Amino acid sequence: MAQDWIQKLRSFDAYPKTLSDFSVKTYSGAAVSLAAGVIMVLLFIGELNYFLAGETRNELYVDVSRAESMRINVDITFPKMPCAYMSIDAMDVSGETQLDVVHNLFKKRLNADGVPVSEAQRQELLGDGLTQAQREAKEKAAKDEKAGGAGAAALPADYCGSCYGAETPAAPCCNTCNEVRDAYRRKGWSFNMANSIEQCKREGVGQEVESQASEGCNVYGYLEVSKVAGNFHFAPGKSFQQSHMHVHDLQSFKQSKFNLTHTINSLSFGHHYPGIVNPLDGLKKVADGEGSAMYQYFVKVVPTLYDSAAFKASTNQFSVTQHMKYIRFDRGQHGLPGVFFMYDISPMRIRVFEERRSFMHFLTGVCAIVGGVFTVAGMVDSTVYHGLKSLRRKHELGKLG
């Protein structure tokens with residue numbers, strides 16, 4: 001009975017075997033077999049890499065996050081604009097304003113060939129071009145002068161410097177150049193006569209700006225802003241608020257044209273993640289026309305959540321359009337020369353995540369590769385074998401021309 005079942009089981013064999021005495025091995029069959037083996041190995045390696053690497057997918061949904069801040073990473077080089085001329089300001093639609101941004105930004109002075117002439121210093125009130133150490137030394141010297149300290153011209157203990165017409169009941173005295181400058185700003189007056197003001201001459205203000213006139217500047221670091229629409233800009237002149245207006249004082253500079261040629265080494269909104277593309281990285285703009293240039297970049301920021309097995313990051317992607325125009329002050333044209341970035345926040349968020357295929361999917365792909373290549377190779381071998389056999393027979397019969 002058992003032998004009968006075994007005999008019946010043999011009838012289900014879908015792969016009947018041929019006796020070795022009836023099989024023919026050919027050179028063409030060997031070549032096709034080797035080629036099929038190489039193709040199988042290559043396809044298997046590609047399938048394995050695809051399985052291990054996974055697939056990046058994007059998912060779009062409404063952004064419901066609130067009360068978040070946003071980090072803006074900047075690295076911009078101005079080869080024709082001295083650090084002492086530059087001021088960086090940020091403002092948004094909520095009314096928050098950051099004038100002469102002082103945190104987490106660094107500047108590096110460059111000579112005419114673009115070679116650094118000093119170590120990077122933290123940005124401390126970019127408008128006056130002084131480092132923190134220089135400013136502290138200057139303030140100390142002013143205090144020493146007022147107190148009659150050694151090495152300085154003695155000043156009376158009750159010294160009250162003139163504000164040159166900008167005195168107020170709350171601040172009747174201006175004992176330093178910065179106090180005179182601030183008093184003028186509170187009045188809304190331009191400050192363009194540092195060389196004739198006693199406090200400024202005593203402190204040597206203006207010499208730093210003149211010494212950097214032929215230099216460039218590399219500004220890099222990051223800003224922390226609220227996650228609402230706003231703008232930040234790089235522009236010459238000290239900035240201040242006057243009658244709810246944002247104003248830059250350009251009268252203190254002995255020139256009417258500012259060269260805003262710049263290279264955006266990198267600009268991003270948030271943390272970096274693999275595969276992100278920042279469209280402004282490496283962009284170079286040359287201001288070679290008449291007048292001072294105003295560059296405007298209109299940025300659309302798209303909140304992005306990157307989710308992978310390695311790490312997760314809440315960051316942003318962005319798209320940008322740009323506009324540029326020249327301003328001729330000598331022709332009565334108005335505007336502020338500078339580099340402006342106006343950004344708006346998209347209400348949608350993108351989730352970028354990696355999706356790995358299942359092992360069964362991988363196994364199915366491998367089987368398809370082996371079976372498909374094996375089948376096609378068999379068809380090619382059969383065609384080649386019978387074709388050569390037919391040609392050989394015709395040759396033996398003398399039917400080949």
Side-chain angles (χ1 to χ4, degrees), residues 56 58 70-83 85-90 101 104-123 126 214-225 229-236 258-289 291-304 306 308 311 313-326 336-346 350 352:
T56 301
N58 296 326
M70 183 170 62
R71 174 170 172 160
I72 304 176
N73 306 295
V74 297
D75 183 357
I76 304 179
T77 299
F78 298 88
K80 302 295 183 180
M81 182 65 61
C83 291
Y85 287 22
M86 298 291 293
S87 179
I88 300 178
D89 307 312
V101 180
N104 305 312
L105 283 174
F106 297 84
K107 65 178 179 179
K108 185 182 295 183
R109 291 169 54 191
L110 308 174
N111 63 19
D113 298 324
V115 178
V117 298
S118 67
E119 295 295 328
Q121 299 287 343
R122 185 181 296 274
Q123 289 292 97
L126 284 176
S214 61
E215 295 181 356
C217 188
N218 173 225
V219 181
Y220 64 95
Y222 67 90
L223 304 122
E224 290 283 351
V225 298
N231 78 83
F232 64 96
H233 58 263
F234 302 77
F258 300 91
N259 191 331
L260 270 300
T261 294
H262 62 279
T263 299
I264 303 177
N265 303 311
S266 65
L267 176 70
S268 61
F269 293 77
H271 300 285
H272 176 82
Y273 69 84
I276 190 172
V277 176
N278 297 316
L280 289 178
D281 286 3
L283 179 67
K284 183 176 181 179
K285 291 293 184 179
V286 179
D288 54 1
S292 301
M294 174 191 288
Y295 293 93
Q296 296 174 304
Y297 298 94
F298 300 92
V299 178
K300 191 69 172 183
V301 179
V302 182
T304 302
Y306 181 76
S308 70
F311 71 98
S314 180
T315 181
N316 302 278
Q317 302 179 75
F318 69 94
S319 61
V320 62
T321 56
Q322 50 188 296
H323 174 71
M324 188 272 284
K325 68 176 182 179
Y326 286 102
L336 176 64
V339 179
F340 297 80
F341 297 88
M342 278 71 70
Y343 57 88
D344 193 10
I345 311 297
S346 171
I350 295 178
V352 181

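The residues of the chain are indexed from 1 along the displayed sequence. No experiment lies behind these values; they were computed from the predicted model shown. Note that these values count all heavy atoms, side chains included, but never hydrogens, waters or copies made by symmetry.
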K.L.:
Out of curiosity, Leu267 CG to Leu280 CG, how far, rounded to the nearest 0.5 Å?
P.N.:
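Those atoms lie 5.5 Å apart.
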K.L.:
Give the intermediate values and the outcome of ring-ring contact (aromatic ring centres under 6.0 Å, His included) for residues Phe311 and Tyr273.
P.N.:
CA-CA 9 Å; Phe311 71 98; Tyr273 69 84; 8.0 Å; no
K.L.:
Does the side chain of Tyr220 come within less than 4.5 Å of Ser266's, by heavy atoms?
P.N.:
no
K.L.:
Test of understanding: with salt bridge (Lys or Arg N to Asp or Glu O under 4.0 Å), list the residues that count as partners of Asp281, not counting sequence neighbours.
P.N.:
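Asp281 satisfies salt bridge (Lys or Arg N to Asp or Glu O under 4.0 Å) with no other residue.
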K.L.:
Drop me the distance from His233's NE2 to Ser87's OG, to the nearest 0.5 angstrom.
P.N.:
6.5 Å
K.L.:
Please report the C-alpha distance between Val117 and Glu215 in whole Å, then the side-chain angles of each, then the deciding distance to 0.1 Å, and finally whether the side-chain contact (heavy atoms from CB on, under 4.5 Å) criterion is met.
P.N.:
CA-CA 9 Å; Val117 298; Glu215 295 181 356; 4.1 Å; yes
K.L.:
May I ask you to decide if Val115's main-chain N or O and Asp113's side chain share a donor-acceptor pair within less than 3.5 Å?
P.N.:
no
K.L.:
How many angstroms lie between NZ in Lys284 and CD1 in Ile264, if you round to the nearest 0.5 Å?
P.N.:
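If I round to the nearest 0.5 Å, the distance is 13.0 Å.
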K.L.:
Quick one: do Asn265 and Thr77 satisfy side chain to side chain donor-acceptor pair (under 3.5 Å)? Show the steps, please.
P.N.:
CA-CA 7 Å; Asn265 303 311; Thr77 299; 3.0 Å; yes
K.L.:
Does NZ in Lys300 sit with more than 12 non-hydrogen atoms of other residues, nucleotides or ligands closer than 6.0 Å?
P.N.:
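Yes, enclosed.
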K.L.:
Mind checking whether Pro303 and Ile345 have side chains closer than 4.5 Å, heavy atoms only?
P.N.:
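Yes - at least one pair of side-chain heavy atoms lies under 4.5 Å apart.
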K.L.:
Taking C-beta and beyond as the side chain, do Tyr343 and Phe318 meet within less than 4.5 Å on heavy atoms?
P.N.:
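Answer no - side chains too far apart.
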K.L.:
CZ/Arg71 to OG/Ser268 distance, rounded to the nearest 0.5 angstrom?
P.N.:
8.0 Å
K.L.:
List in chain and number order the residues that pass ring-ring contact (aromatic ring centres under 6.0 Å, His included) with Phe341, two or more places apart in sequence or in another chain; answer none if no residue qualifies.
P.N.:
Phe232, Tyr297
K.L.:
If you measure from CD1 on Ile88 to NZ on Lys107, what distance do you get to the nearest 0.5 Å?
P.N.:
10.0 Å
K.L.:
Hey, mind stepping through Leu105 and Val74 against side-chain contact (heavy atoms from CB on, under 4.5 Å) and telling me if it holds?
P.N.:
CA-CA 9 Å; Leu105 283 174; Val74 297; 3.9 Å; yes
K.L.:
Using a 4.5 Å cut-off on heavy atoms from C-beta on, say whether the side chain of His272 contacts that of Thr315.
P.N.:
no
K.L.:
Is there side-chain contact between Asn316 and Met70, with heavy atoms separated by less than 4.5 Å?
P.N.:
yes
K.L.:
Which heavy atom of Pro337 sits nearest to which heavy atom of Ser292, and what is that distance?
P.N.:
CB-CB, 3.5 Å
K.L.:
Do Asp75 and Asn218 have side-chain atoms, one donor and one acceptor, less than 3.5 Å apart?
P.N.:
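Result is yes, a qualifying pair exists.
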K.L.:
Under a 3.5 Å distance rule, please check whether Asn73 uses its side chain to pair with a backbone N or O of Gly270 as donor and acceptor.
P.N.:
yes
K.L.:
Going by the rule side chain to side chain contact (heavy atoms under 4.5 Å, CB included), which residues pair with Gln296 if we only count those two or more places apart in sequence or in a different chain?
P.N.:
Met294, Phe298, His323, Phe340, Met342
K.L.:
Check the pair Leu283, Gln322 against side-chain contact (heavy atoms from CB on, under 4.5 Å), reporting the backbone distance first and the verdict last.
P.N.:
CA-CA 11 Å; Leu283 179 67; Gln322 50 188 296; 4.1 Å; yes
K.L.:
Calculate, to the nearest 0.5 Å, the distance between atoms CZ and OH belonging to Phe269 and Tyr222 respectively.
P.N.:
16.0 Å
K.L.:
Anything under 30° is parallel, anything over 60° is perpendicular, the rest tilted; go ahead and classify Phe78 against His262.
P.N.:
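Tilted: the ring planes of Phe78 and His262 meet at 30° to 60°.
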